[in-house]
Number of protein chains: 2
Amino acid sequence: MGRLPSRKPTSFDIAYLAGVSQPTVSRALRGSPSVSKATRDRIEQIAQELNYRVDKNASSLRSQHSKTLALLFFEDPAPDGSHINPFFLSMLGSITRQCALRCYDLLISFQQLSGNWHIDYQDSHKADGLILLGYGDYEQYRERLTNLVDQGTDFVRWGLPLTDEPGLTLGSDNYGGGLAAVRHLIEQGRKRIAFIGTASSHAPEFEARWKGYRDALAEAGIAYDPALQAEGFSAETTGENAIAQFLDQGRKFDAVFAASDLIAIGAMRALQAAGKTIPGDVAIAGFDDIPAASMTAPPLTTVMQDLKAAGEALVTALIRKIDGEEVQSCALPVKLMVRGSSR
Amino acid sequence: MGRLPSRKPTSFDIAYLAGVSQPTVSRALRGSPSVSKATRDRIEQIAQELNYRVDKNASSLRSQHSKTLALLFFEDPAPDGSHINPFFLSMLGSITRQCALRCYDLLISFQQLSGNWHIDYQDSHKADGLILLGYGDYEQYRERLTNLVDQGTDFVRWGLPLTDEPGLTLGSDNYGGGLAAVRHLIEQGRKRIAFIGTASSHAPEFEARWKGYRDALAEAGIAYDPALQAEGFSAETTGENAIAQFLDQGRKFDAVFAASDLIAIGAMRALQAAGKTIPGDVAIAGFDDIPAASMTAPPLTTVMQDLKAAGEALVTALIRKIDGEEVQSCALPVKLMVRGSSR
DNA sequence: ATAAGTTGCGTATACGTATGCAAACTATGC
DNA sequence: GCATAGTTTGCATACGTATACGCAACTTAT
């Protein structure tokens with residue numbers, strides 16, 4: 001620590017000080033078994049004294065892998081500086097932590113679904129694999145996913161698992177979550193349960209939640225009423241508009257299952273503005289368990305997606321794939337969080 | 001697009017096809033003026049046909065800069081998988097977007113304040129500059145910041161601006177925000193206003209908000225009552241505990257200014273649990289305007305930090321610094337959002 | 001027509017690391 | 001005392017790009 005070298009130290013500097021060649025330094029620091037303990041110890045000590053760090057650019061260039069994962073986050077409608085979907089934001093935290101644990105760096109990038117990210121990242125060699133996160137019209141994905149698979153790019157996607165989509169997909173048990181939420185509403189004595197959120201295959205995760213809703217109704221012998229369904233993506237306005245529509249049309253309902261918490265929160269607000277009590281007049285359940293869900297009044301009953309497990313699963317699966325192992329898509333369990341909005 | 005090359009194309013491949021040398025390809029693609037238009041066009045077309053991407057590792061190694069910023073996020077208490085502070089999470093979105101606009105990649109990393117990040121990132125050459133984000137006991141920072149400055153690392157920090165800390169610090173006008181919030185509470189006729197959040201220099205931003213609080217009281221000729229202050233960092237439990245303490249001690253108060261929205265939300269919850277009405281019995285104001293702030297019942301009056309502007313300012317300032325320009329610390333304006341919790 | 005300046009490109013090389021291969025050295029066996 | 005196997009190290013080179021320098025051709029000025 002006497003003087004700081006004018007230049008950043010390289011493996012050559014260490015080699016010189018240790019009286020060995022540069023390749024020996026490289027081997028020693030990377031843990032190669034073919035270097036003697038004495039030499040390794042000497043090299044490690046000198047490296048520490050000089051505050052030496054491997055130049056990751058040089059290392060990646062030579063070894064052709066970067067120990068870095070890229071997280072591509074999609075937003076379909078052009079973001080006008082508005083807030084990011086809080087669910088994905090939370091997931092990001094989990095992924096970041098998991099990457100740190102696995103000694104991978106994480107590169108983050110926002111993308112438009114319509115962009116050409118599928119060719120941008122696969123060749124620049126900045127990342128060894130891709131994590132795809134986001135929402136939007138699902139059909140746009142397919143072509144690009146196929147493209148990625150063709151190019152041999154390693155990636156995992158958060159979405160509806162166990163489908164025959166190209167590549168590897170992990171996701172929560174959306175169907176099971178929908179089933180559990182609606183069963184719960186039925187147990188609370190509700191009979192006319194509305195669903196807000198698209199049931200189309202353009203949003204497969206919402207569709208799966210909707211299927212859970214339908215099957216729960218069927219189980220209980222409650223007829224499905226299409227008039228109690230409103231379309232929309234994940235946003236508060238969707239919930240507000242849906243409730244306004246129901247009330248305008250004079251629909252009778254005593255519960256709402258919203259395909260996401262944002263929708264549910266919007267619906268709650270609109271109902272309360274219209275003088276309805278929750279859960280007295282209308283019970284509500286959402287999906288996601290975003291941070292705000294427990295802060296509403298009353299707190300929102302919702303299906304919790306285990307973000308910690310999700311981040312772990314995504315990162316673990318991707319790294320396995322990079323390492324050439326066979327990885328299976330799988331569905332992660334969810335948990336119903338019963339709160340004040342439904343009891 | 002006829003056949004896909006077995007190997008990733010390099011600048012040599014393009015050079016061969018274009019009948020020029022490799023350096024000419026490099027110059028053409030980087031926009032050097034010393035290559036003729038005809039040659040450049042030919043090269044660009046071939047590059048496009050081959051789906052060529054510059055290898056960023058090689059490029060960074062040679063040019064010694066990576067066009068990448070690293071975002072270091074700190075959490076002081078070891079994260080037990082709990083949620084990340086939503087304020088910083090939102091900021092992250094803003095920073096990410098701004099990086100994309102400026103054609104920089106963003107590398108994200110979680111750190112413990114106590115770690116040795118200050119030497120880890122400065123030499124690995126993966127990033128050209130650092131953005132420091134987070135909270136925790138401020139004193140731990142100083143030594144490391146000084147270290148960074150000494151090593152010539154470029155960085156910006158989100159914190160209390162206009163201080164004499166080492167390096168460059170940007171942040172909101174915490175003092176002005178506190179002043180505005182408490183002035184507003186006073187205008188609503190409140191006289192006994194509590195403050196929740198530490199007033200110590202270990203958390204300079206909270207301290208500045210507290211100073212705004214005190215000065216607003218002084219302006220209005222209201223005596224400062226130390227019994228109406230409770231210590232704590234940004235968490236819901238802080239707010240809950242503080243309210244419990246006030247009520248236990250039989251303190252009389254008709255308003256609360258919380259140093260953060262999380263604290264304010266905890267306080268609201270505790271007050272409502274104790275049968276107090278908001279804003280009838282107690283008016284509440286927070287700080288940050290996290291997404292959940294507008295979803296509480298009643299919606300929370302708070303001081304909005306302009307995250308979009310903050311992200312822009314941080315990224316812009318850092319890039320300027322990297323480019324060798326002189327950059328000044330500065331305070332960003334905040335905006336009081338008056339909502340139901342205070343009127 | 002020649003000197004000086006300009007344009008456009010090629011030559012050579014450097015960035016710092018990782019790895020195949022061969023060489024040296026040590027240990028073991030007969 | 002020599003051959004064989006095992007261990008540890010050095011040599012040479014490759015990864016793909018960017019840039020200092022030089023050289024030719026071509027313009028403009030005298």
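Below, read A as the first sequence line, B as the second, and so on, with proteins coming before strands; counting in each chain starts at 1. All values below come from the heavy atoms of this structure, side chains included, with hydrogens, waters and symmetry mates left out.
Between B:K37 and A:L61, the residue anchored nearer the 5' end of DNA chain C, judged by the nucleotide with its closest heavy atom, is B:K37. Heavy-atom nearest nucleotides on DNA chain D were determined for A:A58 and for A:V35, and the one closer to the 5' end corresponds to A:V35.
At most 12 non-hydrogen atoms from other residues, nucleotides or ligands lie less than 6.0 angstrom from CZ of B:R320. Heavy-atom contacts from other residues, nucleotides or ligands closer than 6.0 Å to CD of B:E325 number more than 12.
Rounded to whole Å, the distance from CZ on B:F12 to C1' on D:dA14 is 11 Å. Between the P atom of D:dA14 and the CG atom of B:D55 lies a distance of 17 Å, rounded to the nearest Å. Here the C1' atom of nucleotide C:dT17 and the CG atom of A:N57 are 11 Å apart, to the nearest Å. With rounding to whole Å, A:H125 atom NE2 is found 12 Å from D:dC15 atom P. Residue A:I14 contributes atom CD1, which lies 16 Å from atom P of D:dT9 at whole-angstrom precision. With rounding to whole Å, B:I43 atom CD1 is found 13 Å from C:dG8 atom P. When rounded to the nearest whole Å, the span between CD of B:Q64 and C1' of C:dA14 equals 10 Å. We find that CG of B:L29 is positioned 13 Å from P of D:dT19, with the value rounded to whole Å.
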Under the side-chain hydrogen bond (donor to acceptor under 3.5 Å, both in side chains) rule, what do A:Q45 and A:E49 come out as? Steps first, then yes or no, please. CA-CA 6 Å; A:Q45 167 155 12; A:E49 280 170 7; 3.3 Å; yes

Decide yes or no on salt bridge (charged side-chain N to carboxylate O under 4.0 Å, His left out) for A:K126 and B:D105, but give the supporting numbers first. CA-CA 10 Å; A:K126 276 202 89 160; B:D105 284 323; 3.3 Å; yes

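Formation of a donor-acceptor pair under 3.5 Å by the A:S94 side chain with backbone atoms of A:L307 is found in this model.
At the phosphate of C:dT19, OP1 or OP2 sits under 4.0 Å from a side-chain N or O atom of A:R30. When the side-chain nitrogen and oxygen atoms of A:Q22 are compared with OP1 and OP2 of D:dA12, none of them lie within a distance under 4.0 Å. Note on B:S21: every side-chain N or O is 4.0 Å or more away from OP1 and OP2 of C:dC9.
Within the nucleic acid shown, A:S59 comes within 4.0 Å of sugar-phosphate atoms alone, with no base atom in reach, counting heavy atoms only. Using a 4.0 Å heavy-atom cutoff across all strands shown, A:R27 reaches at least one base atom of the nucleic acid. Across all strands shown, B:T39 has heavy atoms under 4.0 Å from sugar-phosphate atoms exclusively, and none from any base. B:V25 comes within 4.0 angstrom of nothing in the nucleic acid, heavy atoms only.
Of the candidate nucleotides D:dG16, D:dT9, C:dA18, C:dA18 has the atom nearest to the side chain of A:P23. Nearest nucleotide to the side chain of A:R62, out of D:dT8, D:dT13, D:dT17: D:dT13. Checking D:dT8, D:dA18, D:dG16 against the side-chain heavy atoms of B:S63 singles out D:dA18 as nearest. Listed nucleotides: C:dT17, D:dT17, D:dT8. Nearest to the side chain of A:S11: C:dT17. With C:dA18, C:dT17, C:dT11 as the candidates, the nucleotide lying closest to the side chain of A:S26 is C:dA18.
Under the side chain to side chain contact (heavy atoms under 4.5 Å, CB included) rule, B:L314 has a single partner from B:I319, B:L71, B:I95, which is B:I95.
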